[in-house]
Structures are given as structure tokens and as C-alpha cells.
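Letters A, B, ... mirror the listed sequences (proteins, then strands); counts begin at 1.
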Number of protein chains: 2
Amino acid sequence: MLTNERHSYILKKLEKKQAVKIQDLVDETGASESTIRRDLTELESQQKLERVFGGAILTRHNLIEQSVTDKSTQNLSEKIQVAQAAAELIKEGDSVFLDAGTTTFQMIPFLQNKNLVVVTNGLTLVDTLNEYGITTYLTGGLFKSKTSAFVGSQTVLAMKNYRFDVCFLGVNGLHVENGYTTPDPEEAAVKQVASSLSRNTFVLADHSKINQISFAKIMDLENAMLIIDSMPSEILDDFRKKTSVKLVHE
Amino acid sequence: MLTNERHSYILKKLEKKQAVKIQDLVDETGASESTIRRDLTELESQQKLERVFGGAILTRHNLIEQSVTDKSTQNLSEKIQVAQAAAELIKEGDSVFLDAGTTTFQMIPFLQNKNLVVVTNGLTLVDTLNEYGITTYLTGGLFKSKTSAFVGSQTVLAMKNYRFDVCFLGVNGLHVENGYTTPDPEEAAVKQVASSLSRNTFVLADHSKINQISFAKIMDLENAMLIIDSMPSEILDDFRKKTSVKLVHE
DNA sequence: GTTATAATCAATCAAAAACGTTCAAACTCA
DNA sequence: TGAGTTTGAACGTTTTTGATTGATTATAAC
């Protein structure tokens, strides 16, 4: 591996994980500890990262820049509020399905010390769930890089070995007539199955999704409880004829 | 190969891989090191690429480049050499099981363009497999943070929906009498199942594992072919009475 | 708290790899 | 043939690398 390649590898991993360990880099690149140390020293002098004992972390500068450009942080405060409200619906000892997605990701910090078992099809959730000490099962299946989610028949098959007390789904569109929708049919299928295996289904959304229609239908409004940050009152009445709606600001 | 031919070959490869090594170009074009150096110097003066120590990279985007590990036979750690030797046993279109671990991780760069389907229980492998454009299935199951592997009954259950042409396992100990061993019984179970579902089983190890005995037994030597960097000849004879051994340095 | 143990660190050094330069041989094209 | 170009090998130099050392820091045990 060329020096540049290692540097790129390190930065790329750092961007994805927020933190890297020297020993991991040694194993992954095949370079020696000394070389990785030199790499980190060099990259730190370029302000690309900040060294810490045992590895390196993103510079604050990079952190801010990333959070501005990253779509996952758009509407972040709303998402976190919705996530917190959703997490409060979980009881001690529940078995929980967490859909792959940024909103469900935000729920994780609120799940601590609840003695939960969490199942997810989202790759990005695994590390964080684990950091919070939560027993975590991944569905497995075919990996879809675009959304970092596992989908397909194997995923569905694996899920059928579980039963959930509660399941939390993200959606891209919610519409009085057309119900819940999402761009990817395969992910829609996973969401459907999760819901069918769960005693209670909750859909997480923010107000930007109201009366949007995305491509693939997940289910009708009747089949899940909606958790959303806010909603105009005239529309809210229509929704409440069909399903239970929990507003965060109440 | 003519000068122009070499130049376009270099640029084409660079386009595809984002980085090229001089030694690789020497091997691939049959030209001498001096000639390749002259080519790179020339192309750099035309702003077509940027030279770095050991090779060249694309000039354009400052984007984080994909890591490229290639088969230059010099200066590779033992793990990578073992990994490469292992990867060469895979045929076009094979279905492959890759055990969680650092040695199997090193196989990934050598799996490109083989039209494979890869199944793994290693979380860390998923991202990299995906970067190399390889169709990837994860077994799923209970996540074990210490080794970033999925283990347990769900993992085993999910695996039983697959059949493999070849499976590659890492081990911590190999011993003439005691066979293959590893510290974690649950991972040992996963390795056993993978092997039972595969037409051919290969164990990857380096010489530091010889005649070590770790805790959990995986299988006897008879049940897998061993791929290892080197082995003292008197021991080698003992091993060869029981199983096929592929030495990297031969 | 204190101590013992393990992990990580920076600094150093010798070996390996990659470098540019030079020069003679081989090739090209008139 | 002969001038101009391209090539590969040889050389000493520079850069990169991995192993080792003892100091420093974290972790565990007490």
C-alpha cells in the first residue's frame, strides 16, 4: 500500500467511524505500528485529524464541516425530539425492531439501561447500539450500500425468527389516502415484515414528509401509530380519523 | 509495448484504480523500471497524473481515494501473502464464505472482478467488500463487539440457507494432534457450520500459530486444507500425513 | 488512595525499497 | 550507414519502513 493510499484509507475510515484505533489500522493495512504512527503524526500536522491515546479522532473543524454538509443532520433537532418521544414508548425488557435510518439512529442514546434486545437491519446502527451496551442482533441478508441496510429474502427470513414488542420505522412520505411510502421497494418489504412481527408499530417522521408520496407503499395509516414533530391542525384531524398520532410538541 | 501504448495503459489503470504502483506496472507491461519511471515523469509533466513515492495517483479530485492493494509480491506482510494465496483458490462465480478476522479481511482486494457472492459473519468486512463492488451477504445474528463478529443460533440458522463452494477460516492455534482451535466457542461453532456447508474448507494461518492450542476446538486437521506462510520441514511432514498444506513460499 | 500490569508512546537505527542519473546497447527511420 | 531516439542495467543517494528501546499513560487489583 502506498503512503497516500494509507492516508486516504485512514481519513476515509475516520470520516465514517469518527474514530480509529492504531491496532485496527495495523491489521487492516498490513503496515507496521511505526508506519501507522508516522501516518497519524503526518495527518495531524495537516490538521486532518487529532491524535488521541490509542488512535485518532476527527478534528472539530472537520466535525462541524461534516455536520453542515451531511444530509443526515438536516432537521436534526426535530429528528432527535421525535426519536426521544419514540424511545419513551419502549418499556423495560422489550424486544425492539429498529429500522435502518437516521431517525431511528437518533433513538439509540435514549435506549440505555432499559434491558432491551434490539434487532435492526441497519449496518450503521450496530456500532452505536453496541457502544451503548445494548444487546444487538442484526438481521443479515444482502447488503445495500446506498442506504447501508440489509434487504431481500434472507433478511426477511431471518426476521421471521423474531417477535417484537415494538417496532420503529422511518418513512419518506405520509399521505392521508396513500399511507406510508419509501423510495425503495425492498426496504418497504422489510418494514412490512417488521410490522407484521410486532405487537405495536410506530412510524417516525418529521413535518417535511407530510402529504409527500414516495415510490413504494409500506402500509396504510391504520396499521401504525405516527410520531411526528408537528402537524397543521386541519390535516391532523384527517390523520386522527385513521390512526393515532403523537405530536412531540404537546 | 510501445510508448504510447504504455502511456494509455497507465492512464486507463489509474482511471480505474485511482492509484498505481511502479512495480505493478513493471510486471504488467514487461517494461523495465526505468522505462516506467520515464513514462510517469512524462505524464506528470502533462498534468495527467501526480507522482508519489512508489507510484502515481490521479490529480483531479482531492476526494478520498479508494484503497488499492495489489499483487506486488514484495514487501507484503505474511498475512497478506497468505490471503493472496487463498484468494487464488477461488474460481470465477464461486459462492464464498469469509470468516470474521483480519486475515480473511486481507483477501478482499484479491476478490475483485471474479463475479463472486460472498457471505460473511464479520461486520468489518462488509464495508470493504462493498467498496470493491462484491455482492455481499451478512449472516446476521448476535453482535459480539470484541471481535466485531456475529455469532449464536441466529447466525447459524441464517447460514443454513446458504451453500458455499469454498469457505475460508482464520484460527488461533493449529496442532498435529489437537487440530484447529480458537479462543471463542461461539465463533468456533460458526466456523464449524460454515465448513459443513462448504464443498471445500481452507484454514488461513501464519507460522506463529503452529503447535499452539487455543481454547475451543474447531475441527481436526483432516477436515480442511491449510494455507500458511511457512513451516519447519519436520513439522510439515507430520501435517502432510493428515491434510493438504499449501505453503506460500514455494 | 496505592501498586502492579498492560498498552501505548516517541525516538532511534539499520534494512529495504524507491529514487534519479548515467551510459552503453538496441532500435528507428531516413 | 548514421543521427536520433528509446531502452535496460548499474550506481550511489534518498525515502520509507519495521523492529527495538525505554519512557509514559491507562487499566486493574488491592
OP1 or OP2 of D:dG8 under 4.0 Å from side-chain N/O of B:Thr35: yes

Protein-nucleotide distance (B:Glu42, atom CD; C:dG20, atom C1'), rounded to Å: 16 Å

Pairs satisfying salt bridge (Lys or Arg N to Asp or Glu O under 4.0 Å), at least one member in residues 36-46 of chain A, at least two apart: A:Arg6-A:Asp39, A:Glu33-A:Arg37

Touch class at under 4.0 angstrom, heavy-atom based, for A:Thr3 against every strand present: sugar-phosphate

Distances under 3.5 Å only, N/O to N/O: pair up the protein atoms with those of nucleotides 4-8 of chain C.
unit_1	atom_1	unit_2	atom_2	d
C:dT8	O3'	A:Gly54	N	3.0

B:Leu25 CG - D:dT7 P separation (whole Å): 14 Å

Any donor-acceptor N or O pair under 3.5 Å, side chains B:Lys21, B:Gln23: no

Pull out every protein N or O sitting under 3.5 Å from an N or O of nucleotides 12-15 of chain C, one pair per line with the distance.
none

Flag, side chain of B:Thr155 to backbone of B:Gly140, donor-acceptor distance under 3.5 Å: yes

Parallel, tilted or perpendicular, as decided by the 30° and 60° cut-offs, for the rings of B:Phe202 and B:Phe168: parallel

Contact list for residues 106-128 of chain B, test salt bridge (Lys or Arg N to Asp or Glu O under 4.0 Å), sequence neighbours left out: A:Lys16-B:Asp127

Matching residue for B:Ile108 among B:Asn130, B:Thr136, B:Leu129 - test: side-chain contact (heavy atoms from CB on, under 4.5 Å): B:Leu129

Salt bridge (Lys or Arg N to Asp or Glu O under 4.0 Å): pairs with one or both residues in residues 181-196 of chain B, sequence neighbours excluded: B:Asp99-B:Lys191, B:Lys144-B:Asp184, B:Lys144-B:Glu186

Any donor-acceptor N or O pair under 3.5 Å, side chains B:Thr35, B:Ser32: yes

Side chains of B:Thr181 and B:Ser214, donor plus acceptor under 3.5 Å: no

Inter-end axis angle, the helix from C:dG1-D:dC30 to C:dA30-D:dT1, with every axis fitted to five base pairs (rounded, 10 degrees): 50°

Check: A:Val20 and A:Ile57 side chains under 4.5 Å, non-hydrogen atoms: no

